[in-house]
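Source: prediction; values computed, not measured.
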Amino acid sequence: MMVKKSMQYILILLLILHVAFGTLSPSDKNKNKKVKELKVKTGPQPTNVYDRGLVQGEPSAKDIIVENGAYFQDTALKLFEGKVLGFVTPWNNHGYDVAKIWGPKFDYVSPVWLQILRKGPKKYEVAGVHDIDDGWVKDVRKAGSSISNRGKIFRSIFVAKALLMSPFVLVVPRVLFDKFTDRDFSQLLTYPEERTIVAKLLLATARKHKFDGLVLEVWSQLAARVEDNYLIGLVEEICTTLTTGSFDCILVIPPARKETYDLFSRKHFEALVPSVTAFSLMTYDYSSVQRPGANAPLYWVRNAVQHICPDGTDGVREKRAKILVGLNMYGSDFTPNGGQPIVAHEYLTLLKHLKGHLTYDEHDVENFFEVKTSNGRHMVFYPTLFSIDERLKLARELGTGISIWELGQGLDYFYDLF
């Protein structure tokens, strides 16, 4: 009896082991082996993402993980016909590399370096000059002026002409009005002499550091808080001073939303078109922790452009060419406890938990996925080749440029699209 029971236990144990480890077919075992041997591609490639068939509505997690660091070897080839502005921040070093590697694809590069400080009546200074990297500026310009490989492939004659007309990257640092009290802004807006001092200081800064212009971020700070004529007057004074001195002046503007519909309206746009070189339209951050969802629904991006420059506007083609539609290179990770922005490496870490393909949202024209990790459930929205390509198609249709926030946050193979 004892022998029989021992044999039964052994048989049961063997059965359990067989179920646990022995049910894989040879093909399953080979699949597992292939997954383990999966190699991530990096660096220059002989073909771009279009030729590699990677621009798909529902890409697989595996394809993104394997291919995202591999980009077309001709980094000087510019496919997008409109103006392209790329922001770079000191806290994201990869952005500095992106600006140099893909320099010819950008018309403007804007390092987030400078702040205007008010030190007292008629006293202002520019802070952040310690972040200025003259060597990097030279490298970016050198990369942007390298057009030896640009003549190889063009999608159209118009693209070829555009490249020849604009072979250089223009470096236009962003300027933020920092640590201003309500009284500081009141003094600046009320007294013409104060505005003139600021405008001349910015002009002197551009000249001293040999910049090509500046990106002005002030509208969102003051819109709806002060009378329009004062704010318009400030922007006109600064931009006219810069453009008269042969420097570009780009204004960052908010998109139309239901809750803030007229922070920047058609009236504002028409008033400033003559003096502003371009408008960086912040069409991202549509969703929030309170309202999880897409970063920049395509219909909303379209509406934001048409809100300030509708179809049928006099000179619509020339005016829309001054609008740079915002394109986010970061994503959002929503959890039951809230959410936060995520950049490339965080996105790829979450993506490794996904088996299969990303979900495509036809309404917003974005991709997302849901996974469960040791930290709980995640709903992740992040750009894909497909979603970016669709926004570039929209920009072409509307006749606008593109403004990227920010270089280095996205995946390297995204730049094949520009």
Side-chain angles (χ1 to χ4, degrees), residues 24 27-75 92-95 97-98 101-102 105 284 292 294-296 327-335 339-361 364-392 404-418:
L24 288 176
S27 61
D28 288 331
K29 290 176 182 177
N30 288 334
K31 284 179 184 177
N32 278 353
K33 189 176 180 182
K34 287 180 181 179
V35 171
K36 288 180 182 178
E37 294 175 354
L38 201 63
K39 291 185 178 180
V40 174
K41 298 179 184 178
T42 59
Q45 305 292 318
T47 54
N48 65 26
V49 292
Y50 293 106
D51 295 332
R52 278 149 51 203
L54 298 174
V55 185
Q56 303 174 9
E58 294 187 341
S60 71
K62 186 186 79 170
D63 281 349
I64 295 173
I65 292 167
V66 170
E67 300 279 356
N68 76 88
Y71 52 85
F72 185 40
Q73 61 192 9
D74 189 356
T75 56
N92 187 339
N93 289 331
H94 187 49
D97 296 328
V98 168
I101 296 170
W102 288 277
K105 292 179 180 283
Y284 31 74
N295 288 305
L327 188 64
N328 57 290
M329 285 288 185
Y330 60 90
S332 299
D333 172 22
F334 297 106
T335 68
Q340 62 182 358
I342 55 170
V343 294
H345 70 276
E346 296 165 318
Y347 168 70
L348 293 173
T349 297
L350 287 167
L351 193 62
K352 289 175 182 177
H353 294 275
L354 178 67
K355 296 179 181 178
H357 294 253
L358 279 68
T359 301
Y360 172 54
D361 185 332
D364 295 333
V365 192
E366 285 198 19
N367 297 102
F368 69 95
F369 64 89
E370 296 183 66
V371 292
K372 186 176 182 181
T373 71
S374 59
N375 297 323
R377 297 201 65 83
H378 300 260
M379 178 181 285
V380 180
F381 290 82
Y382 188 88
T384 60
L385 290 169
F386 180 81
S387 71
I388 293 174
D389 193 52
E390 289 297 304
R391 279 147 186 79
L392 291 175
I404 302 171
W405 184 274
E406 62 175 278
L407 304 184
Q409 289 181 335
L411 305 174
D412 281 354
Y413 73 169
F414 286 167
Y415 301 104
D416 280 14
L417 303 174
F418 293 93

One thing to verify: whether Glu67 and Lys62 come together as a salt bridge, which I'm taking to mean a side-chain N less than 4.0 angstrom from a carboxylate O.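 Salt bridge between Lys62 and Glu67, a charged N being under 4.0 Å from a carboxylate O: no.
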
[atom1] of [X] to [atom2] of [Y]: how many Å apart, nearest 0.5 Å?
| X | Y | atom1 | atom2 | value |
| --- | --- | --- | --- | --- |
| Asp333 | Thr373 | CG | OG1 | 8.5 Å |
| Ser387 | Asp361 | OG | CG | 11.5 Å |
| Thr42 | Asp412 | OG1 | CG | 9.5 Å |
| Asn48 | Leu417 | CG | CG | 8.5 Å |
| His345 | Leu350 | NE2 | CG | 10.0 Å |
| Leu358 | Phe369 | CG | CZ | 6.0 Å |

Residue pair [X] / [Y], side-chain heavy-atom distance below 4.5 Å:
| X | Y | value |
| --- | --- | --- |
| Arg391 | Glu366 | yes |
| Phe334 | His378 | no |
| Gln340 | Thr335 | no |
| Phe414 | Pro383 | yes |
| Val66 | Lys39 | no |
| Ile65 | Lys352 | yes |

Side chain to side chain contact (heavy atoms under 4.5 Å, CB included) partners for Thr349, two or more places apart: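 With neighbours one apart ignored, the set is empty.
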
Can you name the nearest heavy-atom pair linking [X] to [Y], along with the distance?
| X | Y | result |
| --- | --- | --- |
| Gly410 | Ala344 | O-CB, 3.5 Å |
| Tyr330 | Trp405 | CD2-O, 3.6 Å |
| Met379 | Phe368 | CG-CD1, 4.4 Å |
| Leu411 | Tyr382 | N-OH, 3.9 Å |
| Gly331 | Asn295 | CA-ND2, 3.7 Å |
| Gln56 | Pro59 | O-CD, 3.3 Å |

Checking [X] side chain against [Y] main chain: does a donor-acceptor pair fall under 3.5 Å?
| X | Y | value |
| --- | --- | --- |
| Asn68 | Ile64 | yes |
| Arg52 | Thr47 | yes |
| Lys105 | Phe418 | yes |
| Asn328 | Ala296 | no |

Checking Tyr415 against Met329 for the side-chain contact (heavy atoms from CB on, under 4.5 Å) test, could you report, in this order, the C-alpha distance in whole Å, the side-chain angles of both residues, the deciding distance, and whether it holds? CA-CA 11 Å; Tyr415 301 104; Met329 285 288 185; 4.2 Å; yes

All pairs passing salt bridge (Lys or Arg N to Asp or Glu O under 4.0 Å) where residues 373-384 contributes a residue, at least two apart: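 Listed by first then second residue: nothing to list.
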
Mind checking what makes side-chain hydrogen bond (donor to acceptor under 3.5 Å, both in side chains) contact with Asp416, not counting sequence neighbours?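 Asp416 satisfies side-chain hydrogen bond (donor to acceptor under 3.5 Å, both in side chains) with no other residue.
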
Apply side chain to side chain donor-acceptor pair (under 3.5 Å) to residues Asp63 and His357 and explain how you reach the verdict. CA-CA 9 Å; Asp63 281 349; His357 294 253; over 6 Å; no

Between Thr384 and Asn367, does a side chain to side chain donor-acceptor pair (under 3.5 Å) hold up when you go through it step by step? CA-CA 7 Å; Thr384 60; Asn367 297 102; 2.5 Å; yes

Before you tell me yes or no, could you show the steps for Leu385 and Tyr413 under side-chain contact (heavy atoms from CB on, under 4.5 Å), namely the whole-Å CA-CA distance, both residues' side-chain angles and the distance that decides it to 0.1 Å? CA-CA 8 Å; Leu385 290 169; Tyr413 73 169; 3.4 Å; yes

Check the pair Gln45, Tyr71 against side-chain contact (heavy atoms from CB on, under 4.5 Å), reporting the backbone distance first and the verdict last. CA-CA 6 Å; Gln45 305 292 318; Tyr71 52 85; over 6 Å; no

Full working for side-chain contact (heavy atoms from CB on, under 4.5 Å) between Asp389 and Tyr50: CA-CA 10 Å; Asp389 193 52; Tyr50 293 106; 2.6 Å; yes

